[in-house]
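For reference, the structure is listed below as structure tokens.
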Amino acid sequence: MTLQTFSDVDLLRLMMAGEEDAFAELYNRRQAGVYKFALQMSGSRETAEDVTQEVFIVLMRTADRFDPERGSLAAYLYGIARNYVLRRLEQDRAFIPIVDSIEEGTPPAMIVEGNPLDDLTRGETIQSLRDSILALPPHYREVIVLCELHEMSYLEAASVVGCAVGTVRSRLHRARGLLVERLRAARERSSVRQEVKPARCFA
Amino acid sequence: MNCHDFELIAGDLSKDVLMDASLREKGLEHTASCADCAARLEEERVVTGGLRLLARVATGGAPANVEAAVLAALR
């Protein structure tokens, strides 16, 4: 039996008993989600790295505080990450633009071959959407990131945020409404720019 | 269904999630007679499609130096 087959809770118990390999397995299993969450919340790789490091250091120091009755270990880690991200956002509002690539496993239907205009439009929409998410107030941003980008259930997201399920639902509804408004405004600005024809210069 | 009721279900409609069949039908019927809500549904679909794409964007995980720092703290 290898460590890969162990549950998160079993790995945590082994880690608390001094098994470094168990902690390494837990880290490898959960770091990408924590890092991605922190990156999507902050827009900064530096912040995402710092937060990921802090989350796992906190875990090793306070592992006994985790209660499986109250939620999954993943949700517990996201909860720690959330607290650190919000603290960092308070301290530093500047962010670095993210350069990403689409995962190899993207379904073919999402990539339209031979239609550069569609690709361009899609790329602009994605960038506009990413900017719009980063511009949301943090309490709306976090439910979009958790429920829409990490596909968490409302119950799991509520456990991460520390609020009622109904609050997650209503914040998500409002957050989506804000994204619709921002994308509409971005599209209107873009169409106005296209309508403005450059004047000929005879100088 | 009126525009206010439609606004409450527009997000779910755009996601094609499981929802009450009659509610879904009423919502779609409403869009057939209300241009504003039809446009709203299209905008919700753009947001839903964009979020689904963003969810698949690879971030690659934390770099190796983070793991090294964490493991050093463990020792």
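Here is the naming used below: chain letters follow the sequence lines, and residue numbers restart at 1 for every chain.
Most heavy-atom pairs under 4.5 Å with chain B, from the set A:Asp50, A:Leu179, A:Thr52, A:Leu149: that is A:Leu149. Considering only heavy-atom pairs separated by less than 4.5 Å from chain B, the leading option among A:Glu151, A:Glu54, A:Glu49, A:Arg61 is A:Glu49.
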- Query: side-chain contact (heavy atoms from CB on, under 4.5 Å) between B:Leu51 and A:Ile133: does it pass, once the steps are laid out?
  - Reply: CA-CA 10 Å; B:Leu51 288 171; A:Ile133 292 170; 3.8 Å; yes
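With a 4.5 Å cut-off on side-chain heavy atoms, A:Val180 and B:Glu44 count as touching. Using a 4.5 Å heavy-atom threshold, the side chains of B:Leu71 and A:Phe23 count as touching. For the pair B:Glu7 and A:His173, the minimum side-chain heavy-atom distance is below 4.5 Å. When side chains are defined from C-beta on, A:Leu129 does not count as touching B:Val46, because their heavy atoms never get closer than 4.5 Å. Side-chain contact between B:Leu54 and A:Gln40 is absent, with no heavy-atom pair separated by less than 4.5 Å. A heavy-atom distance below 4.5 Å is not found between the side chains of B:Val70 and A:Gln31. Residues A:Tyr27 and B:Val66 are in side-chain contact: their nearest non-hydrogen atoms beyond the backbone lie under 4.5 Å apart. Using a 4.5 Å cut-off on side-chain heavy atoms (C-beta onward), A:Arg176 and B:Thr48 make contact.
Remark: A:Glu148 engages B:Lys15 in a salt bridge, criterion side-chain N to carboxylate O under 4.0 Å.
For A:Lys36 (side chain) and B:Ala62 (main-chain N/O), no donor-acceptor pair under 3.5 Å exists by modelled atom type.
Atom CG of B:Leu53 sits about 10.5 Å away from atom CZ of A:Arg130, to the nearest 0.5 Å.
Proximity to chain B is limited to the side chain of A:Asn28, based on heavy atoms less than 4.5 angstrom apart.
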